[in-house]
Amino acid sequence: MDNDNLDKSSNNKGEERQKSILGLVFWVSATVIVIAALVATIIPDRFLIASESVYGWISDYFSWFFMLAVFGFAVFLIFLALSPYGRIKLGGDQSKPEFSFRSWIGMLFSAGLGVGLVFFGVAEPMSHFMVSPFPGGETETVEAARMAMGYSFFHWGISQWSIFGVAGLAIGYNQYRKKKDGLVSTSLEPLLGENYNQKARKSIDILAVIATVTGMATSVGLGIMQMDGGLNIAFGIPSGALTQIILTALMTGLFILSTTTGLKRGIKWLSNLNMLLAAVITIFVMAVGPFTFIMESIIVGLGDYLSNYVGYSLRMQPYTGEVWVQEWTVFYWAWVIAWSPFIGSFVARVSKGRSIREYVLGILIIPPMLSFLWIGALGGTAIYSDLFNGTNIGELVLEDNTAALFALFDQLPMTQIFSALSILLIFTFLVTSADSATFIVAGMTSGNTDSPSTRLKIIWGVLLGTLTVTLIIAGGLTSLQAASLLAGLPFGVVLIAMIISVSKSLRREPNDSMKRRQRRDRRKA
């Protein structure tokens, strides 16, 4: 008996050792990221030109793909939630959720574009208010304000969360119901076969890692640029490369501290803090701002979003040659697709034990509604200020969109206090997102998706920070956008394959509730 226990113990240790060995996925993906960072550092001007060329080429020739794919993701998830398949759990039939509903929503919101929402919450509606999404459309008028709010809701609504939802469903279903690992390549086994080519497996996982890190670098870059601008506007701290490097280093240090405490403590605590800070800022703006205007704007914006959902989802501009859709919608979709491996894996991890119906409805309704509340409160107040008080927030946004949030606070009481709280919110969002992303990437590159080593998470955190700083210095927003499009295009194809794969698995699902539905259908026949 003792010998059996010793054998089992040694086997377990051997498996853990094997999982901790860094293989091809780590070395190839890490090498690509290091080379990209070095090139951006050594020849920043050429890197910027290349970034602009890549951005233009992909947006010119593949915008239709992003628009059609994301619309299809949403349709697929809504169908799944309303069908009998919605009863199936991401886990065993008797499994229970690991996290409370509040913590679950907090982690979803913090991981899923929290930084981007803070960045664009004022900048986007004000940009659309100043420059119409439609050729010849009104600007700086009541109609322009309505259009700006409705289109902003569209970009932060169901569509982007459907991208996360597809990735999370495929990964979570295989990991927690089929008891397999959480690798993207494993989620494609129902489509490609359990023993499909090892080179193809490695290539898919390498692509997932590179997409995750470049997509995450875009989000961190936006956050660092906004913090840099906010510190300059609110407190007079010089902006530039040095400040950005210091902020990135501080973020990496706090992330390392957070990651050593694990998922249930560090990320959970920071996610709840993010929700609290976001709630405080939102309530403050609604209290001191035009409350009735904000609430009416949210309701009208929601109505415009729902009534225009299909039209906006499939909108292209082939007859006019305009590029507004590519610059806004296509960039958003590519950016979200780029880091969907991370968000999908993380969402799957924190949604373990929930039914597919609860999972889909939760991610497609609650985070978008929270986003609408944030955009309505802050973006709506900024629009009201320019529309009725004659301020120039819109003009400042067109000059520098990192200044949008802080230009709004200049028009409100307690400017410095809430500017500081906003900077803190951006910072904690960055730490939470980096913590979550490196947890997932470390799992992808080691094969141990449940509990990757702290050492590997720290390595990926340093690589992420390095790539972010080099992309910002080399080309700012253009380089970040190009990186997202370049990573998002191939991974969009992988997401479609994941839909086909999980659909094949669900059709073979021996779920008791589905069997009862089939028996009732036979009796009726």
Side-chain angles (χ1 to χ4, degrees), residues 54-56 58-60 62-74 109 111-128 131 133 147-167 211-212 214-223 225-226 301 305 308-317 322-344 363-364 367-368 370-372 374-375 379 397 401 404 433 477-489 491-492 495:
V54 168
Y55 183 81
I58 294 176
S59 62
D60 284 345
F62 294 98
S63 292
W64 62 269
F65 170 78
F66 288 109
M67 301 297 286
L68 195 60
V70 173
F71 180 66
F73 297 159
F109 188 72
L113 295 191
V115 174
L117 187 61
V118 176
F119 186 93
F120 286 108
V122 176
E124 178 169 358
M126 291 308 298
S127 295
H128 303 337
V131 179
M147 179 68 68
M149 197 63 68
Y151 230 121
S152 298
F153 281 12
F154 169 69
H155 284 148
W156 294 91
I158 290 173
S159 298
Q160 66 169 236
W161 280 93
S162 69
I163 299 170
F164 299 146
V166 165
T212 297
T214 52
M216 189 62 213
T218 303
S219 295
V220 175
L222 292 175
M225 289 166 63
Q226 189 178 26
Y305 164 53
N308 291 297
Y309 174 73
V310 175
Y312 286 174
S313 295
L314 301 176
R315 182 190 171 203
M316 301 296 298
Q317 297 172 296
E322 299 286 332
V323 294
W324 189 93
V325 171
Q326 286 93 324
E327 291 177 348
W328 283 96
T329 309
V330 173
F331 161 65
Y332 273 137
W333 293 177
W335 173 29
V336 177
I337 288 172
W339 68 327
S340 64
F342 143 53
I343 295 293
I363 64 173
L364 292 190
L370 294 174
S371 300
F372 298 163
W374 174 272
I375 294 170
V397 169
N401 51 17
S433 297
L477 186 58
T478 301
S479 293
L480 296 170
Q481 288 175 322
S484 291
L485 260 69
L486 188 59
L489 180 60
F491 204 80
L495 285 178

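Counting heavy atoms from C-beta outward, Ser340 and Phe491 have side chains that approach closer than 4.5 Å. When side chains are defined from C-beta on, Leu222 counts as touching Trp335, because their heavy atoms get closer than 4.5 Å. Between Ile343 and Ile163, every side-chain heavy-atom pair lies at or beyond the 4.5 Å cut-off.
Summarising the geometry, atom CG belonging to Asn401 is positioned 9.0 Å from atom CD belonging to Gln226; distances are rounded to the nearest 0.5 Å. The distance from atom CG of Asn308 to atom CZ of Arg315, rounded to the nearest 0.5 Å, is 10.5 Å. One distance of note links CH2 of Trp64 with CZ of Phe66; it measures 10.0 Å at 0.5 Å rounding. Between atom OG of residue Ser127 and atom OH of residue Tyr151 there is a gap of 14.0 Å, rounded to the nearest 0.5 Å. Interatomic distance, CE of Met126 versus CZ of Phe120, reported as 15.0 Å (0.5 Å rounding). One finds the CH2 atom of Trp333 at 7.5 Å from the OG atom of Ser162 (value rounded to the nearest 0.5 Å).
Nearest approach of Leu495 to Ala167, heavy atoms of both residues: CD2-CB, 3.8 Å. For the residue pair Phe154 and Ser313, the shortest heavy atom distance occurs at CE1-OG, 3.4 Å. Contact record, Gly165 with Ile363: CA-CD1, 3.2 Å, taken as the closest heavy-atom pair. When every heavy atom of Trp161 is checked against every heavy atom of Pro368, the shortest pair comes out as CD1-CG, 3.8 Å. The heavy-atom pair separating Trp374 from Leu117 by the smallest distance is NE1-O, 3.4 Å. Scanning all heavy atoms of the two residues, the minimum distance from Gln317 to Val325 falls at OE1-N, 3.2 Å.
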- [ ] For the pair Ile337 and Phe164, evaluate side chain to side chain contact (heavy atoms under 4.5 Å, CB included) and give the outcome as yes or no after the intermediate values.
- [x] CA-CA 8 Å; Ile337 288 172; Phe164 299 146; over 6 Å; no
Task: ring-ring contact (aromatic ring centres under 6.0 Å, His included) assessment of Phe372 paired with Tyr305 - done: CA-CA 11 Å; Phe372 298 163; Tyr305 164 53; 5.5 Å; yes
Task: side chain to side chain contact (heavy atoms under 4.5 Å, CB included) between Ser59 and Val323, intermediate numbers included - done: CA-CA 9 Å; Ser59 62; Val323 294; over 6 Å; no
- [ ] Test Tyr309 against Leu314 for side chain to side chain contact (heavy atoms under 4.5 Å, CB included), laying out the working first.
- [x] CA-CA 9 Å; Tyr309 174 73; Leu314 301 176; over 6 Å; no
- [ ] Please lay out, stage by stage, how Phe62 and Val330 fare under the test side chain to side chain contact (heavy atoms under 4.5 Å, CB included).
- [x] CA-CA 9 Å; Phe62 294 98; Val330 173; over 6 Å; no
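Tested against Tyr332, the residues Glu124, Glu327, His155, Gln160 include a single side chain to side chain donor-acceptor pair (under 3.5 Å) partner, Glu124.
Under the 3.5 Å distance criterion, the side-chain polar atoms of Ser63 are left unmatched by any main-chain donor or acceptor of Asp60.
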